[in-house]
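Contents: one structure, followed by commentary.
Ligands are counted one by one from 1 in listed order, and the atoms in each one are counted from 1 as well. Because the structure is a prediction, the values reported are computed rather than measured.
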Amino acid sequence: MRRTPIIAGNWKMHTTAESCLELCRAVRERVEDVEGVEKVVCPPFPFLIMAAEHLKGGSLKVGAQNMHWEEKGAYTGEVSTPMLRGIVDFVIIGHSERRAYFCETDETVNKKVRAALAAGLRPILCVGETEREREEVRTDEVLIRQTREALKDVELPLGFAIAYEPVWAIGTGKAASGATANEAIGLIRSQVAGPFGEEKGQSLRVLYGGSVTAENIAEFISEPEIDGALVGGACLKADSFASIIEQSARISASK
Ligand code: PEP
């Protein structure tokens, strides 16, 4: 099955109002006309409206980096799906930094996935093992558990997006090899195809994330199971993010 790749940039807690606009403008200028790839930028919450306004009508989509599963209530500092709807298309859920620093669990990740889909948002669900889990040969067990738990009782749409992000590769400059990522992603796909059926499994987009750069993106996109990338550091420079998008479009067209 032909799957349209997704290249998403996770800006994390970077940029100011001014530099956010400048980065949106520079990325748009370079990749507006690149076809065959879904292109997503995920700026910090305060800048989402501004980014969405700036990119309106174009081919670049906007995503949030997190959300709460309740629609409203006494949850100081949180942002709900009705607040995001109409501003963003995508939302990153269960990023390892949120799991590690903000106590997110498989259960809260599952609540977020269900709430996002119910609100018509498109989740990018993050899963991945830590360095210790890999050393202890527990990678498969972790990926199976995180995928299954996150998708419990979920009405899975065709083309759902998961990002395989080995924690040891995030922000370290030590990317996984294409072969390692391809194998892990094959396992994730099988965990979706099992309960949800072959069509949903084959339409699932699984991105690789972890120290992706313009220099190594080709190694990932060339792999048969890999359907794009979630990019951190390298998305903060328009040149490198644009090059990642351009190469992905070119390589995936010939896959
Ligand atoms: C991320 O945070 O999702 C990520 C992949 O970061 P980096 O590309 O910087 O490793």
Side-chain angles (χ1 to χ4, degrees), residues 5-15 19-20 23 27 31 37-45 47-48 51 61-67 88-102 104 109 112-113 116 122-131 133-134 139 142-143 146-147 150 160-178 180-182 184-185 188 205-221 223 225-248:
I6 301 172
I7 300 294
N10 175 12
W11 295 18
K12 309 194 185 188
M13 201 169 70
H14 292 294
T15 68
S19 63
C20 167
L23 186 53
V27 172
V31 302
V37 177
E38 287 204 84
K39 303 158 281 190
V40 189
V41 292
C42 304
F45 279 132
F47 310 143
L48 287 177
K61 304 207 168 87
V62 178
Q65 299 173 20
N66 182 30
M67 51 164 273
V88 304
D89 289 299
F90 287 85
V91 57
I92 298 171
I93 294 179
H95 190 281
S96 62
E97 285 154 15
R98 298 225 44 98
R99 293 181 192 248
Y101 309 144
F102 302 99
E104 293 207 6
V109 168
K112 291 182 182 200
V113 170
R122 299 171 63 189
I124 299 175
L125 163 68
C126 300
V127 298
E129 82 286 1
T130 61
E131 185 156 37
E133 287 161 344
R134 177 158 282 268
T139 299
V142 170
L143 296 182
Q146 288 183 343
T147 306
F160 187 82
I162 296 182
Y164 167 58
E165 297 212 302
V167 180
W168 46 270
I170 296 180
T172 59
K174 289 192 297 182
S177 69
T180 301
N182 192 65
I185 288 174
I188 293 167
R205 269 88 60 83
V206 194
L207 324 184
Y208 167 73
S211 297
V212 168
T213 63
E215 288 68 44
N216 66 19
I217 183 66
E219 178 178 353
F220 298 107
I221 291 292
E223 293 286 345
E225 296 285 355
I226 304 181
D227 308 313
L230 182 54
V231 184
C235 78
L236 293 170
K237 293 227 161 57
D239 268 353
S240 52
F241 192 53
S243 171
I244 289 168
I245 290 170
E246 288 160 355
Q247 292 182 61
S248 301

State whether the side chain of E225 and the backbone N or O of N182 hold a donor-acceptor pair below 3.5 Å, judged by distance alone.
no

Who are the ring-ring contact (aromatic ring centres under 6.0 Å, His included) partners of F220, not counting sequence neighbours?
Y208

When you measure from atom 1 (C) of ligand 1 to every protein heavy atom, which one gives the shortest distance, and what is it?
H95 NE2, 3.2 Å

Looking only at protein heavy atoms, which one is nearest to atom 9 (O) of ligand 1, and how far off is it?
G233 N, 2.8 Å

Tell me every residue that passes side chain to side chain donor-acceptor pair (under 3.5 Å) with E129, counting only those two or more places apart in sequence or in another chain.
R134, Y164, W168

Could you tell me if the side chain of K39 sits less than 4.5 Å from the side chain of V27, heavy atoms only?
no

Below the 3.5 angstrom mark, is there an N/O of G171, backbone or side chain, next to an N/O of ligand 1?
yes

List the closest protein heavy-atom neighbour of atom 5 (C) of ligand 1: residue, atom name, distance to the nearest 0.1 Å.
E165 OE2, 3.1 Å

Is E165 salt-bridged to R99, going by a charged N under 4.0 Å from an acidic O?
no

In Å, rounded to the nearest 0.5 Å, how long is the span from SG of C126 to CD1 of I92?
6.0 Å

Tell me, which protein residue and heavy-atom name are nearest atom 8 (O) of ligand 1, and how many Å apart are they?
G232 N, 2.8 Å

Record the part of A169 in heavy-atom contact with ligand 1 below 4.0 Å; permitted values are side chain, backbone, both and neither.
backbone

Are any of the N/O atoms in S211 less than 3.5 Å from those in ligand 1?
yes

Looking only at heavy atoms, is any part of I170 under 4.0 Å from ligand 1, and if so is it the side chain, the backbone, or both, or is it neither?
both

